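Comments concern the structure below.
Order of the sequence lines fixes the chain letters, A, B, ..., with proteins taken first and strands second; residue numbering starts at 1 for each chain. Just so you know, these numbers come straight off a predicted model, no measurement behind them.
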There are 2 protein chains.
Amino acid sequence: MKAHEEFRVGKSLTLADSDAGRKPLSRGDGAADKKQVEQLASQIAELQNLLYAEHKRKLLVILQGMDTSGKDGTVKGVFGKIDPLGIQTVAFKAPTQHEKDHDFLWRIHSRTPGKGEIVIFNRSHYEDVVITRVHDWIDDAECIRRYAHIRDFERMLVETGTVVLKFFLHISKDEQKKRLEARLADPQKHWKFDMQDIEERKSWDVYQRLYQQAINETSTDHAPWYVIPADSKTHRNLAIASVVLHTMQDMQLSYPPENPALANIKIT
Amino acid sequence: MKAHEEFRVGKSLTLADSDAGRKPLSRGDGAADKKQVEQLASQIAELQNLLYAEHKRKLLVILQGMDTSGKDGTVKGVFGKIDPLGIQTVAFKAPTQHEKDHDFLWRIHSRTPGKGEIVIFNRSHYEDVVITRVHDWIDDAECIRRYAHIRDFERMLVETGTVVLKFFLHISKDEQKKRLEARLADPQKHWKFDMQDIEERKSWDVYQRLYQQAINETSTDHAPWYVIPADSKTHRNLAIASVVLHTMQDMQLSYPPENPALANIKIT
């Protein structure tokens, strides 16, 4: 089974049945896996050159997951070799008052990729159906409406030339405990620690239920979700890099045809 | 029949059967009609204060029509009394290269109103299914896709608190001839004249057919089209002002409840 099929959400996902610790792509050797990630990341960087030169299609990568699930690490590990010219990362935080005065997709739409670009959403419009629901800022009916808005919005993006890849970085509650403890233990990681993370952790089960619902409601043929076992950082990167590379290979990117008019040009 | 029902597009519109010269709201006296427009415009301006103070809902007014159909005149005549603080007019021109690198709704979405705001689109995303099709920049299949994108987009806007009003300013081909000739005859109107207008006029019938299709495809319960007979400038404003006022009255706008905490505040 190819990587993109291995993690792709099919008919219906039950998050609790999805083992966050499994490593189906591993060769059983951490060092070899890391080397493999490096190779995949280099290939992705090469294909990005073609995407940029072609200037036709767009790639949007959406990263979601619980706190400490490795969104930042994924950006660095999988997309770190790409020429900054052709990639942008957008880290969506709590919306400002001005952003809240508009529909929830307003600030999202404005940051979607243009032709030839890769954009990584580190958190996204999915926060607007998960965090917002956990905190009771919206009710179930509004969630259902927003799922429909998201499906329509993403279909429009796809039909206008954007490839949309959505990754849920799936970690276990135990693994999050370890990672939060590691942040507390290391003063150089304190900047990553937020007291709010402890609060949000108390709602772990509600988050899992809402993520599961959001994924099932919005995993479409045109914009599928991939649930990535993420207790292992290396294997997480291996899995995501595999899906990204496979997707970009499927796009059959190529340099625009050579321009015969340039054959006889002399630079004087 | 109320004004908003008089012009509202029902099941299916045939533009050729719609008389651009009729004046169903007129009292038969031009001066009286003009006075009536002034009164309606003042009432609209008053209701805008409530919309702004309420800071909850949004109003998007879309103006479309052939060249010289009176879009600029409508902005001034119907919305000219509104406090500039709470209203913005966006005149969409041919998209820039950067805008074309994104989907056609990207630049549109970014200019939609926030809470408490009125935004007037002087031309809009409907140019992207009409002009683009006339010039064969897109084909019929892409038109159909874009109609669906527009329906989804406008439904999302409505479901997130925006009232969407769409006006087609319907003039006859003879009336356009007169207005273009008037622009040519008056040096002070030359800035409004564009040689391209003469070219576009040659495609009159194609434009009419495509506008008719666009209107029929996107006139929904949540975001209806109003076809306004616009050979008479005064009656055009009378009709549009009537629909806008009726719509704003229907919104049942009111100042937020008084704040009891303010009762005992002394300014020292």
| Over 12 foreign heavy atoms within 6.0 Å of CG, D83(A) |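 Counting other residues, nucleotides and ligands, CG of D83(A) exceeds 12 neighbours.
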
| request: Please list, in residue-number order, every residue in residues 90-106 of chain B that has a heavy atom less than 4.5 Å from any heavy atom of chain A; write 'none' if there are none. | output: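 So the qualifying residues are K100(B), D101(B), H102(B), D103(B), L105(B), W106(B).
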
| task | Identify the residues of residues 46-66 of chain B whose heavy atoms come closer than 4.5 Å to a heavy atom of chain A, ordered by number, or report 'none'. | result |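 Near chain A, by residue number: H55(B), K58(B).
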
| query | Listed by residue number, which members of residues 243-264 of chain A have a heavy atom under 4.5 Å from any heavy atom of chain B? | reply |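 From residues 243-264 of chain A, none sit under 4.5 Å of chain B.
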
| If contact means a heavy atom pair closer than 4.5 Å, which residues of residues 131-164 of chain A contact chain B? |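 Answer by number: R145(A), H149(A), D152(A), R155(A), M156(A), L157(A), E159(A), T160(A).
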
